[in-house]
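Before any comments, here is the structure.
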Amino acid sequence: QVTSFQGVALRSLCTSSSYDHPEHGRLVYKGNLAKAVLGVRFFSYSTSVFNLFMMPYLMLKTGIGFESLFIQAAFCGLIGFFTFVTPVTLHILTKGYVIRLYYKDEMDTYTAITYNAVLAEKVTVFHQKDVKIPDITKMFTTFYAKTKSMLVNPTLFPNPQDYNHLMGYDKSFYFNLEEEKEVGERK
């Protein structure tokens, strides 16, 4: 049921699934590691916050706060390394993991849902022509949407034609020999 409140559409008593977004298009992909990625990143963030609050307490209780400056720096450096480097590394590794991918046929656009740094869902809209496949296979990148790296598992597409269209494999192959000769002569 959709009602209007001062020009803004509100949806109430909705029985559709949480992944049904008609404004994004048809759901063509759902990542199976979405909950695991969210859980690991949340755990990492929570332990980092815990470390920040516990570090002054530990320094006072253990007496490290009264020891030499070198021991204080080593202790703070060790705790600080795990407090800040681990969440940043996890964010860098998982920022391109696609949770859900939608496709709009009439506009030939895709909407990729990923997690941002504060664990909220981030929407990236791109056209199929913006998809670039990396020349060298990269560990955490399946394709680039404009300049953003995206990671999907091709076997999780219920319809293989959706993956083929996303990657541009359904386009006819055109090879221009004269263009290749010109490139070879310039070298």
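Hydrogens, waters and symmetry mates are skipped; everything else that's a heavy atom, side chains included, is used. Residue indices begin at 1 and follow the sequence shown.
- Atom NZ of Lys104 sits about 7.0 Å away from atom OG1 of Thr111, to the nearest 0.5 Å.
- When all heavy atoms are compared, the tightest approach of Leu156 to Tyr29 is CB-CE1, 3.6 Å.
- In the hydrophobic cluster analysis, where Ile, Leu, Val, Met, Phe, Trp and Tyr join through side-chain heavy atoms closer than 4.5 angstrom, Leu119 is grouped together with Leu151.
- The side-chain heavy atoms of Leu27 and Arg100, taken from C-beta on, include a pair separated by under 4.5 Å.
- For the pair Met150/Thr124, a side-chain contact is recorded, criterion being any heavy-atom separation below 4.5 Å from C-beta on.
- Scanning all heavy atoms of the two residues, the minimum distance from Ala112 to Phe126 falls at CB-CE2, 3.9 Å.
- When the side chains of ILVMFWY residues are joined at heavy-atom separations under 4.5 Å, either directly or via intervening members, Val40 and Tyr45 end up in two distinct hydrophobic clusters.
- Pro134 approaches Thr142 most closely through the heavy-atom pair CD-O, 3.5 Å.
- Taking the side chain as every heavy atom from C-beta outward, Val131 and Tyr144 never approach each other to under 4.5 Å.
- Across Cys76 and Met55, no two heavy atoms sit closer than the pair SG-CE, 4.1 Å.
- In this structure, Lys146 NZ and Lys129 NZ are separated by 9.5 Å, a value rounded to the nearest 0.5 Å.
- Of all the heavy atoms in Gly25 and Tyr102, the pair that sits closest is O-CD2, 3.6 Å.
- Between Lys148 and Phe143, the closest side-chain pair of non-hydrogen atoms is not below 4.5 Å.
- A distance of 7.5 Å separates OG1 of Thr109 from CD of Glu106, quoted to the nearest 0.5 Å.
- Counting heavy atoms from C-beta on, the side chains of Glu121 and Tyr115 come closer than 4.5 Å.
- You'll find the ring centres of His165 and Tyr103 inside the 6.0 Å limit.
- A donor-acceptor pair under 3.5 Å is formed between the side chain of Ser48 and the backbone N or O of Thr83.
- No single ILVMFWY cluster, assembled from side-chain heavy atoms under 4.5 Å apart, contains both Leu90 and Ile99.
- A pairwise comparison of heavy atoms in Phe157 and Leu166 identifies CZ-CD2, 3.9 Å as the closest pair.
- The closest side-chain heavy-atom distance from Asn159 to Val28 is not below 4.5 Å.
- The hydrophobic cluster containing Val37 also contains Met139, counting ILVMFWY residues as joined when their side-chain heavy atoms lie under 4.5 angstrom apart, directly or transitively.
- For the side-chain contact (heavy atoms from CB on, under 4.5 Å) with Arg41, the lone residue among Val118, Leu93, Thr94 that qualifies is Thr94.
- From Phe43, atom CZ reaches atom CG of Leu38 across 14.0 Å, with rounding to the nearest 0.5 Å.
- Tyr57 and Leu52 fall into different hydrophobic clusters, where Ile, Leu, Val, Met, Phe, Trp and Tyr residues are linked whenever their side-chain heavy atoms come under 4.5 Å apart, directly or through other members.
- At least one donor-acceptor pair under 3.5 Å links the side chain of Asp130 to the backbone N or O of His127.
- Looking only at distances, no side-chain donor or acceptor of Lys30 sits under 3.5 Å from a matching main-chain atom of Leu101.
- Using a 4.0 Å cut-off between a side-chain N of Lys or Arg and a carboxylate O of Asp or Glu, Asp162 and Arg26 qualify as a salt bridge.
- Taking the side chain as every heavy atom from C-beta outward, Val98 and Ile113 never approach each other to under 4.5 Å.
- Dense packing is recorded around CE of Met54, with more than 12 heavy atoms of other residues, nucleotides or ligands lying under 6.0 Å away.
- Put simply, the side chain of Ile133 reaches to within 4.5 Å of the side chain of Tyr169, judged on heavy atoms.
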